[in-house]
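The next block holds one structure in the form of structure tokens; read it before the comments.
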Protein chains: 2
Amino acid sequence: MNTMRWLTEDEQAAWRAYLQATTLLEDHLDRQLQRDAGMPHMYYALLSTLSETPGRRMRMTELAERSKITRSRLSHAVTRLEGNGWLRRESCPSDRRGQIVVLTEAGYDEVVRTAPGHVTAVRAAIFDRLSDEQTRQLAEISRIIADGLHGPEGADVPWRR
Amino acid sequence: MNTMRWLTEDEQAAWRAYLQATTLLEDHLDRQLQRDAGMPHMYYALLSTLSETPGRRMRMTELAERSKITRSRLSHAVTRLEGNGWLRRESCPSDRRGQIVVLTEAGYDEVVRTAPGHVTAVRAAIFDRLSDEQTRQLAEISRIIADGLHGPEGADVPWRR
DNA sequence: AGCAACTTCTTGAAGCTTCAATGAAATGCC
DNA sequence: GGCATTTCATTGAAGCTTCAAGAAGTTGCT
């Protein structure tokens with residue numbers, strides 16, 4: 001007998017729609033930010049995260065974890081953004097392996113300058129089209145998926161990387 | 001006065017959750033398929049789409065549009081997959097500019113071999129965790145976002161790309 | 001203290017994506 | 001027919017991501 005569980009009609013439809021939506025949205029936001037800020041969306045997200053953080057600084061590892069990217073990817077990204085003068089590395093006093101990424105004044109200004117355009121793009125693509133109810137549904141669904149893939153925020157699983 | 005509309009608390013929460021979920025999921029599926037099939041998720045999706053198509057073949061442009069990727073990206077992808085022997089290019093009889101991508105027997109076998117593992121990964125990450133109601137919500141939300149970004153399946157907008 | 005095991009971060013190479021430019025063919029217009 | 005415009009697909013270079021390896025520092029065990 002065949003013990004394999006395939007996707008139902010509804011699940012297939014949802015999966016196709018999800019793939020199309022995420023592919024289009026990623027592409028759309030990458031283009032918007034590449035045009036208006038000269039960097040891909042993930043790079044902008046890094047600056048944005050730092051801009052909301054006390055001291056506008058964070059340990060590499062923590063920034064990588066919050067952003068859900070590998071340390072390696074972050075390392076390359078920081079090197080590039082440092083070249084733009086938007087970020088700076090400082091060594092960590094409490095742990096000499098550590099590096100602290102600091103958003104420069106120029107980097108902060110860049111976020112301030114480009115945030116309105118980015119928020120407008122996100123609104124236009126998503127939240128202006130969804131009801132409040134759907135916005136909450138999206139949040140809940142996203143949390144369920146994210147939690148399944150890395151444990152609910154702080155569950156340290158050794159088999160993960 | 002400031003006429004800019006920022007995101008509400010709920011919208012910010014949804015956006016953060018969405019970004020984390022999609023980043024983690026993409027990464028997870030890319031790894032799963034890279035390990036089990038030796039290709040990234042998008043490449044697998046191309047083979048999978050072709051496998052469900054009459055004659056297991058499609059025009060480049062149509063495959064690119066269904067997959068929501070650029071022709072350029074598809075061109076590179078097909079070159080790579082052709083190198084693996086999973087795809088083959090044929091010239092189009094009705095339009096001599098055209099190319100038709102054909103899934104080879106080996107390519108079809110590869111999809112058959114790796115589909116179960118992939119479906120299991122998708123189920124485990126998403127549908128085993130969502131209620132039927134949430135699955136329908138995800139489909140609806142995804143459709144709304146996708147439609148906003150490229151017109152509802154067939155609306156040909158000249159200003160796009 | 002000494003040492004293995006682990007963590008932090010970086011690096012270079014290989015692979016993937018984007019962008020702009022190009023060749024070739026089809027289409028529309030007069 | 002002749003010519004400009006548009007469409008189809010490809011190409012190479014530059015930029016981004018992944019992967020495996022490695023240097024440096026910390027932690028835990030005895």
Side-chain angles (χ1 to χ4, degrees), chain A residues 22-24 26-35 37-46 58-65 67-84 87 89-101 156-161, chain B residues 22-24 26-35 37-46 58-65 67-84 87-102 156-161:
Chain A
T22 53
T23 305
L24 285 168
E26 234 200 314
D27 191 67
H28 181 69
L29 293 182
D30 269 343
R31 275 197 172 66
Q32 185 264 317
L33 281 164
Q34 195 67 58
R35 177 164 47 72
M39 61 187 134
H41 180 223
M42 181 56 79
Y43 286 28
Y44 172 86
L46 294 173
M58 210 181 291
R59 279 287 294 266
M60 291 287 284
T61 293
E62 188 180 353
L63 184 52
E65 277 169 3
S67 307
K68 311 301 177 194
I69 62 177
T70 60
R71 295 190 227 270
S72 171
R73 187 174 176 183
L74 178 59
S75 238
H76 287 295
V78 167
T79 300
R80 195 272 219 193
L81 292 169
E82 200 170 24
N84 284 285
L87 246 47
R89 281 184 235 239
E90 287 184 6
S91 49
C92 179
S94 65
D95 183 341
R96 274 184 305 175
R97 277 115 101 218
Q99 288 285 95
I100 296 180
V101 205
D156 261 321
V157 273
W159 40 265
R160 196 166 92 247
R161 210 173 328 268
Chain B
T22 52
T23 304
L24 286 167
E26 233 199 316
D27 191 68
H28 182 68
L29 293 182
D30 269 344
R31 275 198 173 65
Q32 186 264 317
L33 281 163
Q34 195 67 59
R35 179 164 46 73
M39 62 188 134
H41 181 224
M42 180 58 76
Y43 286 27
Y44 172 85
L46 295 172
M58 212 181 290
R59 281 285 294 266
M60 291 287 286
T61 293
E62 189 181 351
L63 184 52
E65 278 169 3
S67 307
K68 311 301 177 197
I69 61 176
T70 62
R71 295 189 226 268
S72 171
R73 187 175 175 182
L74 178 60
S75 239
H76 288 294
V78 169
T79 300
R80 195 272 219 191
L81 292 169
E82 200 169 23
N84 285 285
L87 246 48
R88 161 165 42 90
R89 281 183 236 240
E90 287 184 6
S91 49
C92 179
S94 67
D95 183 340
R96 274 184 305 175
R97 277 117 99 219
Q99 289 285 97
I100 297 181
V101 206
V102 186
D156 260 322
V157 273
W159 42 264
R160 194 167 94 249
R161 199 160 356 247

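Just so we're on the same page: letters track the sequence lines, and every chain starts at 1. Computed from heavy atoms alone, side chains included, the values below leave out hydrogens, waters and symmetry copies.
- Near DNA chain D, meaning a heavy atom under 4.0 Å away, the residues from residues 90-98 of chain B are B/R97, B/G98.
- Under the side-chain contact (heavy atoms from CB on, under 4.5 Å) test applied with B/M60, the options B/R71, B/R89, B/E65 reduce to a single match, B/R89.
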Audit row: B/V101, B/R59, side chain to side chain contact (heavy atoms under 4.5 Å, CB included) steps and yes/no: CA-CA 6 Å; B/V101 206; B/R59 281 285 294 266; over 6 Å; no
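- Regarding A/R71, its CZ atom lies at a distance of 18 Å from the P atom of D/dG22, rounded to whole Å.
- In this structure, A/R35 reaches neither bases nor backbone, as no heavy-atom distance under 4.0 Å exists between it and the strands shown.
- Rounding to the nearest 0.5 angstrom, the gap separating the CD atom in B/Q34 from the OH atom in B/Y44 is 14.5 Å.
- When all heavy atoms of A/S67 and A/L46 are compared, the pair lying nearest together is OG-CD2, 3.4 Å.
- Across the protein-nucleic acid pair, A/R59 atom CZ and C/dT8 atom P stand 7 Å apart, rounded to whole Å.
- Every residue meeting the side-chain hydrogen bond (donor to acceptor under 3.5 Å, both in side chains) condition with A/E90, not counting sequence neighbours, appears here in chain and number order: A/R57, A/R88.
- Taking CG from B/L74 and OG1 from B/T79, the interatomic distance works out to 9.0 Å, rounded to the nearest 0.5 Å.
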Residue pair B/Q32, B/R35: steps toward the side chain to side chain contact (heavy atoms under 4.5 Å, CB included) verdict: CA-CA 5 Å; B/Q32 186 264 317; B/R35 179 164 46 73; 4.0 Å; yes
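- When every heavy atom of B/C92 is checked against every heavy atom of B/Q99, the shortest pair comes out as CB-N, 4.3 Å.
- End-to-end axis angle for the helix from C/dA1-D/dT30 to C/dC30-D/dG1, using five pairs per end and rounding to 10°, comes out at 30°.
- B/N84 meets the side-chain hydrogen bond (donor to acceptor under 3.5 Å, both in side chains) test with no other residue; sequence neighbours excluded.
- Following rounding to the nearest Å, B/R89 (CZ) and D/dC8 (P) show an atom-to-atom distance of 16 Å.
- Taken from CE in B/M42 to CD1 in B/I69, the straight-line distance is 5.5 Å, to the nearest 0.5 Å.
- When rounded to the nearest whole Å, the span between CD of B/E82 and P of D/dA9 equals 14 Å.
- A/H41 is linked by a side chain to side chain contact (heavy atoms under 4.5 Å, CB included) to A/L29, A/D30, A/L33, A/H118, B/W15, B/L19, counting only residues two or more places apart in sequence or in another chain.
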Contact pattern, 5' to 3', of nucleotides 15-21 of chain C - B, S or - by protein heavy atom under 4.0 Å: -SBBB--
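- For the pair A/L63 CG and C/dT8 P, the interatomic distance rounds to 14 Å; values are reported in whole Å.
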